*Asks:* 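Could you have a look at this structure, given as structure tokens, before my questions?
Note that the coordinates shown come from a computational prediction; the quantities given were computed from them, not determined experimentally.
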Amino acid sequence: SDNFFPGGSIYPNPKESSLLFSLGHHVDLYFPHHKGSRISPPIVFSGERVEKKNPSIEILPDECLFEIFRRLPGGQERSSCACVSKRWLTLVSNIHRDEINDNNKGGVVSKVEDQDVEGDGYLSRVLEGKKATNVRLAAIAVGTASRGGLGKLSIRGSNSTCGVTNVGLRAISRGCPSLRVLSLWDSSSVGDEGLFEIADGCHQLEKLDLCHCPAITDKSLLAVAKGCPNLKDLTIEGCANIENEGLQALARCCPNLKAISIKDCPLIGDQGIVSMLSSDSFTLTKIKLQALNITDVSLAVIGHYGKAVTDLSLISLPNVSEKGFWVMGNGHGLQKLKSFAVTSCRGVTDLGLEAVGKGCPNLKQLCLHKCAFLSDKGLVSFAKTASSLESLQLEECHRITQFGFFGSLLNCGAKLKAISLVNCYGIKDLNLGLPSVLPCKSLRSLSIRNCPGFGDASLAALGKLCPQLQHVELSGLHGISDAGFLPLLETREADLVKVNLSGCVNLSDKAVCIMADLHGWTLEMLNLEGCKISDASLVAIAKNCQLLSDLDVSKCAITDSGIAALARSNQIKLQILSMSGCS
């Protein structure tokens with residue numbers, strides 16, 4: 001019943017003029033005071049025309065919208081609402097599972113059934129680089145909730161302007177209680193508060209991977225230890241603020257922990273490693289320690305308490321000496337150890353490796369990389385004691401010569417199946433004159449890469465010593481020619497399946513044609529990159545290699561004629577053909 005006049009006051013009482021807001025000449029906005037004014041639609045006056053704006057749901061406060069969203073009948077409806085705006089997405093993503101009101105008093109039934117569930121019941125999501133933002137995390141939390149739940153989340157890197165923070169992890173913790181695997185890589189904006197949220201909402205977490213997260217400290221591990229008792233696998237890399245206390249908490253509270261990998265954490269020392277290994281609440285099976293300030297004490301504890309350890313990897317441990325490896329081997333605790341890898345550890349000497357061989361009777365795989373103080377004597381002594389060894393890999397061990405290489409083959413047990421030699425510059429092509437011994441018939445795979453001294457004499461000796469080879473890789477060996485390769489082909493008791501001769505620039509058509517003739521009916525993969533071959537080799541391959549599925553003739557002197565021979569073959573089952581650099 002109020003009368004409105006343009007340009008003047010609508011209230012005779014000047015005290016009430018504060019209720020009128022001027023929007024300019026001839027335009028006034030009337031907003032009377034009353035309870036719930038936030039949802040009153042404004043009335044705009046212009047001249048004699050009165051305009052009443054349609055009410056917008058956007059003027060509802062967050063508390064009201066939150067109450068509406070949590071009462072929606074299904075997850076699909078909440079997902080649809082989250083698509084409206086970032087504000088709605090944020091509100092929906094902050095709804096905890098326990099806060100969803102399942103009392104469907106109005107009898108409304110969700111029109112869309114929750115489907116699209118993966119076979120194992122859990123979804124996986126990966127965010128990388130610019131896509132790693134809080135908004136996307138919120139969308140993942142809402143979208144996966146009605147489709148079986150999020151089981152695996154990997155965040156790699158972060159958007160430089162609006163990257164992932166603790167807010168994003170809070171959305172995941174609220175909407176994804178089924179999360180089992182979480183990986184955070186290069187997430188500098190994620191701190192302890194984010195991990196607190198995960199520990200509080202994701203109690204089923206089984207695997208946690210923290211890589212280069214400088215804001216995360218021991219407090220996070222303490223929270224995870226208390227909130228995630230099902231944790232089985234822990235990886236920590238480049239987290240400078242994590243100390244021994246966090247590992248000690250995990251040792252106390254996570255009875256299911258089976259695997260740990262710790263790299264480049266300067267504040268973690270012997271105390272943390274010892275607590276993980278000497279705990280009575282769980283038994284570790286896989287251990288990887290890299291670039292840590294640990295000493296011989298940690299290795300001694302591994303050797304004594306690692307009774308369940310099956311996989312052990314030690315990389316770049318400058319403070320570990322020969323004594324540590326010797327004590328570890330003589331601790332007689334590593335009875336179940338099957339795989340042992342050592343890289344850049346000065347403590348690996350002849351004495352230490354021999355002790356490991358004696359103390360690990362079930363060792364099947366040994367990988368030695370950059371062991372500068374290991375010589376032929378230690379390798380042969382190890383081979384004599386490691387009766388269960390199946391795979392031996394040597395890389396950049398420059399004190400190993402032909403004597404150590406062939407000595408290990410002669411002394412290894414009857415279970416050795418694969419041997420690999422990479423970048424070992426101590427190897428020289430010598431005519432050793434091997435004694436009359438039983439051949440190593442168990443060996444199936446031979447890989448020798450980038451060993452400049454390995455030549456025809458060594459290859460011919462290998463052919464006699466290992467007649468059952470099926471997989472042969474001779475890569476980057478300029479000293480190999482037809483004279484050494486042909487004896488290897490002719491002494492075979494088993495037929496070759498996979499052959500890699502890339503970079504053997506002195507191999508010619510003769511060797512390839514004879515190989516195709518003798519072993520073509522079993523050959524499945526052949527790499528001749530950089531070899532001195534022509535179309536004649538391709539004609540022989542097309543004629544004899546019916547099972548060949550992968551062929552690489554890059555940087556070879558082949559022409560259209562050779563490729564046409566392959567194309568005309570009705571028997572060959574070629575799937576992959578590489579011919580880059582064939583001008």
Side-chain angles (χ1 to χ4, degrees), residues 343 365 367-370 391-398 400-402 404-406 408-409 416-429 443-463 465-466 468-489 492 494-516 519 522-533 537-538 541 545 548-558 576-582:
T343 301
Q365 182 177 356
C367 180
L368 302 174
H369 184 198
K370 292 184 178 180
S391 175
L392 175 62
Q393 301 176 35
L394 302 173
E395 185 172 353
E396 294 187 48
C397 298
H398 301 310
I400 301 298
T401 68
Q402 245 86 346
F405 178 66
F406 282 97
S408 61
L409 282 175
L416 187 66
K417 297 179 181 178
I419 191 166
S420 174
L421 207 62
V422 181
N423 293 326
C424 293
Y425 296 155
I427 301 292
K428 305 297 180 184
D429 197 36
L443 197 70
R444 296 291 186 269
S445 176
L446 171 69
S447 177
I448 301 176
R449 292 182 283 139
N450 301 323
C451 298
F454 196 92
D456 289 335
S458 301
L459 189 59
L462 269 177
L465 189 60
C466 309
Q468 295 288 341
L469 286 175
Q470 294 179 341
H471 301 168
V472 176
E473 180 179 10
L474 305 172
S475 179
L477 304 181
H478 295 179
I480 296 294
S481 66
D482 295 349
F485 190 63
L486 290 177
L488 180 72
L489 296 175
R492 297 293 86 230
D495 293 293
L496 296 174
V497 178
K498 295 181 180 181
V499 178
N500 184 351
L501 303 173
S502 61
C504 295
V505 295
N506 293 314
L507 286 180
S508 68
D509 287 324
K510 181 180 179 181
V512 176
C513 291
I514 294 177
M515 177 173 58
H519 303 276
T522 58
L523 205 58
E524 297 177 2
M525 190 278 287
L526 179 59
N527 189 336
L528 300 172
E529 180 182 355
C531 295
K532 193 165 53 178
I533 64 169
S537 293
L538 294 186
I541 291 171
C545 302
L548 191 67
S549 61
D550 188 342
L551 176 62
D552 191 336
V553 289
S554 301
K555 302 177 183 177
C556 295
I558 61 171
I576 301 174
L577 175 62
S578 303
M579 47 185 177
S580 62
C582 296

*Asks:* Stepwise, does the side chain to side chain contact (heavy atoms under 4.5 Å, CB included) test hold for Leu421 with Ile419?
*Replies:* CA-CA 7 Å; Leu421 207 62; Ile419 191 166; over 6 Å; no
*Asks:* Nearest 0.5 Å, please: how far is CG in Leu477 from CG in Asp456?
*Replies:* 10.0 Å
*Asks:* Side chain to side chain contact (heavy atoms under 4.5 Å, CB included) for Arg492 and Leu469? Distances and angles first, verdict last.
*Replies:* CA-CA 7 Å; Arg492 297 293 86 230; Leu469 286 175; 3.5 Å; yes
*Asks:* Could you check if a side-chain atom of His471 sits within less than 4.5 angstrom of a side-chain atom of Arg444, using non-hydrogen atoms only?
*Replies:* no
*Asks:* OG/Ser445 to CD/Glu473 distance, rounded to the nearest 0.5 angstrom?
*Replies:* 8.0 Å
*Asks:* Would you indicate whether the side-chain heavy atoms of Leu416 and Leu409 approach each other to under 4.5 Å?
*Replies:* yes
*Asks:* With side chains defined as the heavy atoms from C-beta onward, is the minimum distance between His519 and Val499 less than 4.5 Å?
*Replies:* no
*Asks:* Is there a side-chain contact between Lys510 and Leu486 in this structure, where contact means two heavy atoms from C-beta onward sitting under 4.5 Å apart?
*Replies:* yes
*Asks:* Counting C-beta onward and ignoring hydrogens, is there a side-chain heavy-atom pair between Leu465 and Leu443 closer than 4.5 Å?
*Replies:* no
*Asks:* Side chains of Leu462 and Ile448: does their closest heavy-atom pair fall under 4.5 Å?
*Replies:* yes
*Asks:* Is there a side chain to side chain contact (heavy atoms under 4.5 Å, CB included) between Leu507 and Ile480? Walk through the geometry before answering.
*Replies:* CA-CA 7 Å; Leu507 286 180; Ile480 296 294; 4.2 Å; yes
*Asks:* Looking at NZ of Lys555 and CD of Glu529, how far apart are the two atoms once the value is rounded to the nearest 0.5 Å?
*Replies:* 5.0 Å
*Asks:* Can a donor-acceptor pair be found, under 3.5 Å and without considering hydrogens, that links the side chain of Glu524 to the backbone of Val497?
*Replies:* no
*Asks:* If only atom types and distance count, is the side chain of Asp482 paired as donor or acceptor with the main-chain N or O of Ser508 below 3.5 Å?
*Replies:* yes
*Asks:* A side-chain contact here means heavy atoms from C-beta on lying under 4.5 Å apart; do His369 and Gln393 qualify?
*Replies:* no
*Asks:* For Phe454 and Phe405, take the angle between the two ring planes, folded into 0 to 90°, and tell me which bin it lands in: parallel under 30, tilted 30 to 60, perpendicular over 60.
*Replies:* perpendicular
*Asks:* Do Leu394 and Leu392 have side chains that approach each other closer than 4.5 Å (heavy atoms only, starting at C-beta)?
*Replies:* yes
